[in-house]
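I have placed the structure first, in the form of structure tokens, so that the comments after it can refer back to it.
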Protein chains: 2
Amino acid sequence: MTDLSGDIFKTIDPDRTGTTSEEVISQLREMIHRGELRPGDRLPPERDLAKLLGVSRPTLRAGIRSLAAVGVLRSRQGAGTFVVKADGPPSLDSSPLRLMASLHGFTSGEMFEARQSLEMAVAGLAAERATSEHMATLSEEIAGMYASLDDPEQFLVHDMRFHQTVAAASGNRILTSLMNMVATILFDVRRKTVNRAKDLKESAEMHRQVYRAVRARDKEAAQNAMRDHLMRAQKAQESEEMDDSAVVAAGDGSIS
Amino acid sequence: MTDLSGDIFKTIDPDRTGTTSEEVISQLREMIHRGELRPGDRLPPERDLAKLLGVSRPTLRAGIRSLAAVGVLRSRQGAGTFVVKADGPPSLDSSPLRLMASLHGFTSGEMFEARQSLEMAVAGLAAERATSEHMATLSEEIAGMYASLDDPEQFLVHDMRFHQTVAAASGNRILTSLMNMVATILFDVRRKTVNRAKDLKESAEMHRQVYRAVRARDKEAAQNAMRDHLMRAQKAQESEEMDDSAVVAAGDGSIS
DNA sequence: TCGGCAAAATGGTTTTACCTTTATCTAATC
DNA sequence: GATTAGATAAAGGTAAAACCATTTTGCCGA
């Protein structure tokens with residue numbers, strides 16, 4: 001925890017540019033940039049902080065809410081407002097992308113393609129940089145997949161963890177975050193469908209192909225294996241949605 | 001414009017789950033998902049909408065602010081609150097990524113690598129799908145670069161437009177949005193530096209390489225040219241920052 | 001020592017009032 | 001008749017005070 005009792009909170013200049021709440025956002029952002037607020041830190045109570053910044057509580061709350069909406073702050077009633085703690089990989093909220101998809105009518109084909117590009121990129125990097133721990137985890141998740149061929153929900157858990165491990169092995173947290181953003185949306189769709197046993201076995205097999213390529217430090221092979229895997233997964237999911245026409249109300253391939 | 005005078009706004013259920021403002025967010029999100037609110041639409045005045053949803057105005061404003069923070073809504077004092085109009089390519093706000101970078105100490109190396117991966121992906125797709133209009137625009141921007149070798153600021157404009165055109169030519173708006181998110185941050189850093197004439201000429205040359213590969217519909221060549229271009233650009237920028245040590249206060253390669 | 005209860009701390013919500021900006025309409029003037 | 005300036009209304013932005021709900025903390029008693 002960082003001591004926040006000092007005078008790091010400066011009052012807002014009345015002759016500011018833009019609205020007051022925007023100034024509050026800038027103020028908080030700057031403090032994070034400068035490292036005065038670090039992950040896990042607790043902000044002063046709203047009433048105190050409002051006084052410190054020289055604004056009203058609603059205005060301060062507006063600023064806090066904006067930062068909370070983008071996943072930087074998190075308020076818990078009765079406890080306080082905290083800078084989001086980085087437990088595990090940093091992740092960007094996927095709801096902005098989700099809304100963007102609704103607004104512009106992104107097709108699931110586009111979403112699949114984006115994921116494929118990102119996954120291929122991280123797979124290539126993972127082949128170059130994966131540590132032995134990463135390799136071990138990948139192997140475990142594949143074993144988990146084979147062990148849950150008759151439990152689609154459990155299979156999906158191992159599936160997600162496998163891809164997250166590949167992303168972690170890439171060593172690039174930005175690509176990892178972006179990939180998770182896209183993958184989360186697709187997994188949410190998939191969670192509503194029921195995978196057939198045949199598809200699951202094939203899927204496990206293709207994950208193993210990716211793993212072997214990464215283990216062999218073969219960048220191109222890893223990218224190709226990942227591309228093939230995701231292409232098959234897309235086709236499988238699409239045919240499944242064709243079978244069960246009730247999955248998507250409109251049935252036009254748009255993101256739910 | 002969509003007629004909003006109907007009864008599409010339903011009051012919030014008092015026996016809801018979560019906080020009231022979260023429910024407001026869900027309500028608005030659902031309306032966007034269902035297409036009842038479309039880009040460019042104006043929401044009812046806050047006072048009226050608060051009544052319609054059965055919540056207080058501050059609570060409604062909290063919900064609106066959250067959606068505004070992720071770029072879905074936009075409020076203009078005196079005018080009203082609007083669903084963001086999609087003029088041009090849809091874009092995600094880069095500030096969440098920027099804050100994430102500060103919080104987790106992302107290096108600019110990581111950022112460059114992420115951009116490189118994304119740009120290579122869109123370049124490959126662009127080689128497959130670019131229309132003749134896209135080709136023409138790319139050619140124009142390159143001409144613009146050569147014409148502004150002595151004007152770094154103007155050069156940067158053509159540079160950005162070139163990359164955005166490549167992204168647009170990829171036909172994948174999601175990858176385009178993600179790429180812009182990352183590229184925006186890097187361009188902001190670069191805007192503060194002054195590029196040397198020698199670098200600019202080389203840069204223009206490498207853009208031309210990308211253009212020729214796209215025009216030749218050579219996917220691999222386009223990806224390779226883009227990779228080489230960005231790699232050189234990164235090295236040039238890094239050496240420039242070495243020359244002018246005042247650019248980055250800490251000088252530790254972290255994102256400003 | 002442990003468990004439960006109470007009090008304090010803290011964010012969440014509501015109400016009311018007023019300010020600032022924007023848009024629109026009207027009327028006067030050129 | 002067209003244009004512009006001013007008034008008016010509409011809409012979001014800010015502020016203050018009060019109360020509610022939840023969480024935390026610590027005290028007190030069994």
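Chain naming here is simple, since letters A, B, ... match the order of the sequence lines and numbering starts at 1 in each. When reading the values below, keep in mind they use all heavy atoms of this one structure, side chains included, and skip hydrogens, waters and symmetry mates.
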For this session: Determine, stepwise, if the pair B/D159 / B/F187 fulfils side-chain contact (heavy atoms from CB on, under 4.5 Å).
Result: CA-CA 10 Å; B/D159 192 340; B/F187 274 121; 4.2 Å; yes
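- Residue A/T81 has no polar side-chain atom (N or O) positioned under 4.0 Å from OP1 or OP2 of C/dT10.
- Under 4.0 angstrom from either OP1 or OP2 of D/dG12 there lies no side-chain N or O belonging to B/R57.
- Donor-acceptor pairing under 3.5 Å is lacking for the side chains of A/R65 and A/S75.
- Atom pair A/D48:CG and C/dA8:C1' shows a separation of 14 Å (rounding to whole Å applied).
- Between the CG atom of B/L73 and the P atom of D/dA11 there is a distance of 17 Å, given to the nearest Å.
- C/dT21 atom C1' lies 14 Å from atom CD of A/E22, rounded to whole Å.
- The listed nucleotides are D/dG12, C/dT14, D/dA16; the one nearest the side chain of B/P58 is C/dT14.
- Judged by distance alone, the side chains of B/T137 and B/H134 never bring a donor and an acceptor atom under 3.5 Å apart.
- For the pair B/L37 and A/L103, the minimum side-chain heavy-atom distance is 4.5 Å or more.
- Between the side chains of B/N172 and B/S170, no donor N or O sits under 3.5 Å from an acceptor N or O.
- Residues B/R47 and A/A79 both approach DNA chain C. Their nearest nucleotides, taken by heavy-atom distance, put A/A79 toward the 5′ side.
- Where A/R65 and A/G78 meet DNA chain C, the nucleotide closest to each residue was compared, and A/G78 sits on the side nearer the 5' end.
- Following rounding to the nearest Å, B/Q77 (CD) and C/dT21 (C1') show an atom-to-atom distance of 4 Å.
- Atom CD in A/E46 sits roughly 14 Å away from atom C1' in D/dA21 (whole-Å rounding).
- Put simply, CG on A/L43 is 12 Å from P on C/dG12, counting in whole angstrom units.
- As rounded to whole Å, 10 Å separates atom C1' of C/dT22 from atom CZ of B/F82.
- The distance from atom CZ of B/R42 to atom P of C/dT22 is 15 Å, rounded to the nearest whole Å.
- Taking side-chain N and O atoms only, A/T20 has no distance below 4.0 Å to OP1 or OP2 of D/dG13.
- Residue B/R76 is classed as a sugar-phosphate contact, given heavy-atom separations below 4.0 Å to backbone atoms only.
- Phosphate proximity of D/dG13 to A/S21: absent, as no side-chain N or O sits under 4.0 Å from OP1 or OP2.
- Residue contacts shown for B/P45 are limited to sugar-phosphate atoms, with no base heavy atom under 4.0 Å away.
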